[in-house]
J.: 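Have a look at this one.
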Amino acid sequence: EDQERSDKSVSKVTDSFFEADDSVAVEAFKEKMNSKLGEVVEANRSTIVSSPDPLRSLAEVVKQNFVADLRLTGEQNIPSNGPIILACNHQFSFVDILSLIDQVVKTQDKRTWSMIGGAGIISKLFPDWENDPRIVQHYIPVRRKLNDGRSEILNGKEVMNNASRFLREEKDPMLFLAPEGVGGIYHNYPVRPRKGLAKIAKTSNAQIVPVVISGSADKNNLQFSLQIRISSPFNAFPNEEETLNEWTSRFIESNADVA
């Protein structure tokens with residue numbers, strides 16, 4: 001069920017980086033991105049690991065090294081208190097959500113925060129991260145494996161339980177997640193959010209704050225120009241599909257505002 005997605009589609013959010021069927025170019029670009037990320041982290045490792053908040057430090061380093069230009073609008077739509085989920089699209093590998101975290105956390109310093117992300121990338125960057133409470137408190141890992149070329153989530157219930165617990169128990173918690181998972185990276189695509197977003201919001205009574213991240217990239221220099229638009233929050237509906245469709249509708253509206 002965690003793999004099910006809404007049928008609602010979303011208009012384009014960025015200029016295409018590649019042809020939709022150019023999987024070889026996409027994989028080559030991903031490899032190039034990950035290679036540069038490794039180099040950037042190694043060059044800044046002492047700064048990152050000595051920080052009281054290594055993930056926030058990582059987000060700042062990523063923005064400094066990968067983002068040439070960033071414009072943020074709609075930050076006033078973030079509620080001042082209570083549990084919230086900042087649910088963004090995921091098209092720019094690690095750059096999009098980490099840039100969002102860098103921009104938002106610094107101005108929402110009275111909130112506790114965490115993010116849902118892949119276990120693979122964090123383990124490569126920080127092999128011993130699960131023994132570091134500074135990272136654990138801000139990271140809910142999604143463990144995946146490839147099954148016939150598809151990414152299969154191995155710990156979906158654990159992720160949703162941990163996310164819901166965080167939102168229920170922490171003071172004014174703020175959770176960052178990409179409800180579409182890993183799909184649709186690097187080219188125009190329809191956003192079909194996973195049902196996990198609706199389940200987490202419903203079980204935690206958290207408001208959902210839709211976020212559109214759009215822009216373009218210099219594929220040669222790996223420099224991104226990003227626009228981040230934060231939309232108005234809404235409460236989860238009793239019906240999960242209604243929640244997903246509402247996120248999609250807000251996404252379309254905000255995307256039109258950015259365009």
Side-chain angles (χ1 to χ4, degrees), residues 1-6 23 26-27 29-31 33-35 37-38 41 45 48-49 53-59 62 83 85-101 112-170 173-186 189 191-204 206 208 240 244 247:
E1 185 177 37
D2 296 336
Q3 298 294 320
E4 294 178 15
R5 297 178 180 225
S6 163
S23 59
V26 169
E27 290 303 315
F29 184 64
K30 288 167 66 175
E31 184 176 345
M33 284 284 293
N34 289 333
S35 177
L37 176 62
V41 169
R45 184 171 293 277
I48 295 171
V49 299
D53 189 343
L55 278 184
R56 184 173 172 184
S57 179
L58 172 65
V62 164
I85 301 171
L86 280 94
C88 68
N89 59 308
H90 185 29
Q91 191 165 10
F92 302 100
S93 187
F94 49 82
V95 174
D96 49 20
I97 194 165
L98 288 179
S99 295
L100 174 64
I101 289 171
T112 55
W113 71 276
S114 186
M115 67 175 289
I116 294 177
I121 189 168
I122 196 71
S123 297
K124 289 179 181 178
L125 298 177
F126 307 105
D128 197 41
W129 76 271
E130 290 183 281
N131 295 316
D132 189 336
R134 299 173 302 164
I135 298 179
V136 170
Q137 68 177 326
H138 295 307
Y139 205 80
I140 299 172
V142 178
R143 307 187 191 281
R144 299 185 177 96
K145 73 172 183 178
L146 285 178
N147 186 7
D148 293 330
R150 293 171 57 89
S151 176
E152 178 183 343
I153 296 177
L154 302 177
N155 64 331
K157 289 185 178 180
E158 177 187 7
V159 169
M160 287 188 288
N161 288 340
N162 289 341
S164 295
R165 186 181 306 112
F166 166 76
L167 290 166
R168 290 195 309 268
E169 296 180 359
E170 296 294 332
M174 178 169 59
L175 179 68
F176 296 87
L177 65 82
E180 61 183 321
V182 298
I185 298 178
Y186 305 115
Y189 62 101
V191 176
R192 299 183 181 91
R194 296 177 184 269
K195 288 192 173 183
L197 169 64
K199 291 178 182 295
I200 293 169
K202 186 177 179 180
T203 56
S204 64
I208 298 172
E240 292 170 359
L244 300 180
W247 180 84

J.: Can you confirm whether Leu55 sits close enough to Ile122 that some side-chain heavy atom of one is under 4.5 Å from a side-chain heavy atom of the other?
T.: yes
J.: What is the distance from atom CG of Leu244 to atom NZ of Lys199, rounded to the nearest 0.5 Å?
T.: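 The distance works out to 9.5 Å.
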J.: Should Arg56 and Ile101 count as side-chain neighbours, where that means a heavy-atom distance under 4.5 Å?
T.: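 They are not in side-chain contact.
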J.: For residues 112-130, pull every pair meeting salt bridge (Lys or Arg N to Asp or Glu O under 4.0 Å), keeping only residues two or more places apart or in separate chains.
T.: Glu130-Arg143
J.: Does His138 reach the main-chain N or O of Met115 with its side chain, forming a donor-acceptor pair under 3.5 Å?
T.: no
J.: Which heavy-atom pair separates Ala87 from Ile208 by the least distance, and what is that distance?
T.: CB-CG2, 4.3 Å
J.: Indicate yes or no for a side-chain donor-acceptor contact from Arg144 to the backbone of Ala119 under 3.5 Å, with no hydrogens or angles considered.
T.: no
J.: State which residues pass side-chain contact (heavy atoms from CB on, under 4.5 Å) with Val136; sequence neighbours excluded, sorted by chain then number.
T.: Trp129
J.: Is the side chain of Arg134 donor-acceptor paired with the backbone N or O of Val49 at a distance under 3.5 Å, no angle test?
T.: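 Yes, the answer is positive, given that a donor and an acceptor are paired below the 3.5 Å cut-off.
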J.: Please identify each residue that fulfils side chain to side chain donor-acceptor pair (under 3.5 Å) with Ser204, with sequence neighbours left out.
T.: none
J.: Ala163: which residues meet the side-chain contact (heavy atoms from CB on, under 4.5 Å) condition with it, sequence neighbours left out?
T.: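 In terms of side-chain contact (heavy atoms from CB on, under 4.5 Å), with neighbours along the sequence ignored, Ala163 is linked to Ile116, Ile140, Leu175, Ile200.
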J.: Report the residues that fulfil side-chain contact (heavy atoms from CB on, under 4.5 Å) with Glu169, sequence neighbours left out, ordered by chain and then residue number.
T.: Arg165
J.: May I ask you to test the Leu125-Phe94 pair for a side-chain heavy-atom distance under 4.5 Å?
T.: no
J.: Sequence neighbours left out, what passes side chain to side chain donor-acceptor pair (under 3.5 Å) with Thr203? Give chain and number order.
T.: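 For Thr203, the residues satisfying side chain to side chain donor-acceptor pair (under 3.5 Å) (neighbours in sequence not counted) are Ser164.
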J.: Roughly how far, to the nearest 0.5 Å, is CZ of Phe126 from CD1 of Ile121?
T.: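 Reported to 0.5 Å precision, the distance equals 10.0 Å.
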J.: I need the Arg45 CZ to Leu58 CG distance, nearest 0.5 Å.
T.: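 Between atom CZ of Arg45 and atom CG of Leu58 there are 9.5 Å.
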J.: I need the Asn89 CG to Trp247 CH2 distance, nearest 0.5 Å.
T.: 6.0 Å
J.: If you compare all heavy atoms of Tyr139 against all heavy atoms of Gly118, which two are closest, and at what distance to 0.1 Å?
T.: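 Taking Tyr139 first and Gly118 second, the nearest heavy atoms are OH-O, 2.6 Å.
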J.: Let me confirm one number: the CD1-CD distance from Ile135 to Gln137, rounded to the nearest 0.5 Å.
T.: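 Separation between the atoms: 10.0 Å.
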J.: Hey, could you give me the CZ/CE distance between Arg194 and Met160, rounded to the nearest 0.5 Å?
T.: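 Going from CZ on Arg194 over to CE on Met160, the span is 11.0 Å.
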